Amino acid sequence: MLLATWNVNSLKARSARVNEWLADVDPDVLMIQETKMADAAFPTADFAAAGYESVHFGEGRWNGVAIVSRVGLESPLVNFAEGEPDAQARIVSAVCGGVTVVCVYVPNGRALDDDHYQYKLQFMARLRRHVAALATPDDDVVVGGDFNIAPTDADVWDPAALAGQTHVSEAERDALVDLQAWGLRDVVREQHPESGLYSWWDYRSGSFNRGWGMRIDLMLASESVASRCTWSAIDRNARKGEQPSDHAPVLIEIGPR
DNA sequence: ATGGTGGCCCGGCCA
C-alpha cells in the first residue's frame with residue numbers, strides 16, 4: 001500500500017500536474033493540502049474517473065485539505081473530532097484500507113510574536129487529542145501533511161539563517177515531539193538519515209536550485225505501520241519543471257498487516 | 001536570505 005502527502009498550492013492551478021503524477025506514481029492514498037477551493041469546486045468526478053474516492057474539506061481561497069483513496073474511504077471526518085470546529089479548513093480524516101489516515105495543514109505561524117504562532121501551537125495540541133480520539137497507538141495510523149515544522153536542524157538548509165523564526169522554534173518542535181509521543185514515527189527520516197532531505201523550497205531566489213529547502217511535510221506512522229514500512233521517498237522531481245508546487249510529495253510504502 | 005516568486009483574483013494578503 002502506497003500512501004503519499006502533497007501540498008499542491010492550489011489544486012486548480014496544479015490539476016494537470018497532480019493528474020499526471022497520480023497516473024505516473026499510482027499511489028493508493030494521497031493526502032492533499034492547500035487545495036484553495038470550495039467543496040463545490042473540488043473535482044470529485046475526475047478523481048472518481050481515475051479510480052479514487054475522495055473527501056474534501058474546503059474553505060475557498062485559503063487552506064483546504066483532502067484525502068483521495070482507491071482502497072476504500074470509510075468514516076470521513078472533516079475538522080477536529082472533538083471540541084469547537086476550527087474556523088479554517090486544515091484537517092480531514094478517514095479510514096483507508098484499514099489505515100486511519102489524518103491529513104493536516106498545520107498553520108504557518110508567521111512569526112514567533114504573532115497570534116498565528118499561538119494558533120499553530122494550539123492546533124498541534126488539538127491534533128494529538130484528535131488522533132487519540134480516532135485510534136489507539138496499536139492501530140494502523142498515518143498522520144501526514146504539511147506540518148510547517150522542521151523537526152530538527154538537520155531538516156533545514158541553514159539553521160543559523162532561520163534562528164528566531166517559525167518552523168524551527170523550540171515550542172513547535174516540542175509540540176511535534178509531543179504528538180509523536182502518542183505513538184507516531186517519522187519513518188521517512190528513519191530511512192533517510194542523509195543531509196539535504198527537503199520537501200519544500202521557496203519559490204523566491206531560486207531556492208530549489210540552490211538547495212535552500214526544509215523538510216516540513218511529514219508522514220508519521222504508528223508502530224504497526226512503521227514496522228511494515230518497506231520504502232519511503234520524497235519525490236523532488238515533482239518540484240521541477242513547469243508550474244510546480246513549492247512542495248514535493250512524500251511517500252511511504254507499507255506491506256500487509 | 002528582508003529580496004525575492006507565485007497563488008488567490010486585481011489590491012493586498014498569504015505562504
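Chain letters run A, B, ... following the sequence lines, proteins first and then strands; every chain starts at 1. Computed from heavy atoms alone, side chains included, the values below leave out hydrogens, waters and symmetry copies. Quick caveat, the model's predicted, so the values are computed rather than measured.
Taking for each of A:N148 and A:W212 the nucleotide of DNA chain B with the nearest heavy atom, the 5'-most of the two is the partner of A:W212. The 5' end of DNA chain B is approached more closely, in terms of each residue's nearest nucleotide, by A:A161 than by the other of A:K36 and A:A161.
One interatomic measurement links the two molecules: CG of A:N7 to P of B:dG6, which rounds to 16 Å at whole-angstrom precision. One atom, CG of A:D202, and another, C1' of B:dG6, lie 10 Å apart when rounded to the nearest Å. Spacing between atom CD of A:Q88 and atom C1' of B:dC8 amounts to 15 Å, rounded to whole angstrom units. In this structure, A:W200 places its CH2 atom 14 Å from P of B:dG6, rounding to the nearest Å. Distance CE (A:M37) to C1' (B:dC8): 12 Å, rounded to an integer number of Å. One can place CG of A:L11 at 13 Å from P of B:dG7, the figure rounded to the nearest angstrom.
Side-chain proximity of A:R90 to B:dA15, B:dG7, B:dA1: nearest is B:dA15. Of the candidates B:dC8, B:dA1, B:dG6, B:dC8 carries the atom nearest the A:K12 side chain, counting heavy atoms from C-beta on. The listed nucleotides are B:dA15, B:dG7, B:dT2; the one nearest the side chain of A:N108 is B:dA15.
Rounded to whole Å, the P atom of B:dC9 lies 16 Å from the corresponding atom of B:dA15. Across the P atoms, B:dG7 and B:dG3 are found 24 Å apart, a figure rounded to whole Å. The separation of B:dC14 from B:dA1, taken at their P atoms, amounts to 26 Å, rounded to a whole angstrom. A distance of about 23 Å separates the P atoms of B:dT5 and B:dC10, rounded to the whole Å. Comparing the same atom, P, in B:dC8 and in B:dG4 gives a spacing of 23 Å after rounding to whole Å.
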Tabulate atom names and distances for all N/O pairs under 3.5 angstrom spanning the protein and nucleotides 10-13 of chain B.
{"from": "B:dG12", "atom 1": "N2", "to": "A:R61", "atom 2": "NH2", "distance (Å)": "2.7"}

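In this structure, A:W200 and A:H247 have tilted ring planes: the angle between them lies in the 30° to 60° band.
Across all strands, A:Y105 comes closer than 4.0 Å only to sugar-phosphate atoms, never to a base (heavy-atom distances). Across all strands shown, A:W201 has no heavy atoms under 4.0 Å from either base or sugar-phosphate atoms.
Of the residues in residues 236-247 of chain A, not one places a heavy atom less than 4.0 Å from an atom of DNA chain B.
Here the side chain of A:R236 pairs no donor or acceptor atom with the backbone of A:P249 at under 3.5 angstrom. Remark: the backbone N or O of A:L2 is paired with a side-chain donor or acceptor of A:D28 at under 3.5 angstrom.
Every residue was checked against the side-chain hydrogen bond (donor to acceptor under 3.5 Å, both in side chains) condition with A:S15, not counting sequence neighbours, and none meets it. Residues passing the side-chain hydrogen bond (donor to acceptor under 3.5 Å, both in side chains) test with A:S224 are A:D140, sequence neighbours excluded. Under the side-chain hydrogen bond (donor to acceptor under 3.5 Å, both in side chains) criterion, A:S199 pairs with A:D217, sequence neighbours left out. Take A:T136 and apply the side-chain hydrogen bond (donor to acceptor under 3.5 Å, both in side chains) test, not counting sequence neighbours, and it matches A:D139.
Residue A:R14 places at least one side-chain N or O under 4.0 Å from the OP1 or OP2 atom of B:dG7. When the side-chain nitrogen and oxygen atoms of A:S10 are compared with OP1 and OP2 of B:dC8, one or more of them lie within a distance under 4.0 Å.
Because its NZ or CZ atom is both nearer than 6.0 Å to the ring centre of A:Y105 and within 45° of the ring axis, A:R90 counts as a cation-pi partner of that residue.
Using a 4.0 Å cut-off between charged nitrogen and carboxylate oxygen, A:D186 and A:R215 count as a salt-bridge pair.
For A:F80 and A:F123, the distance between ring centers is under 6.0 angstrom.
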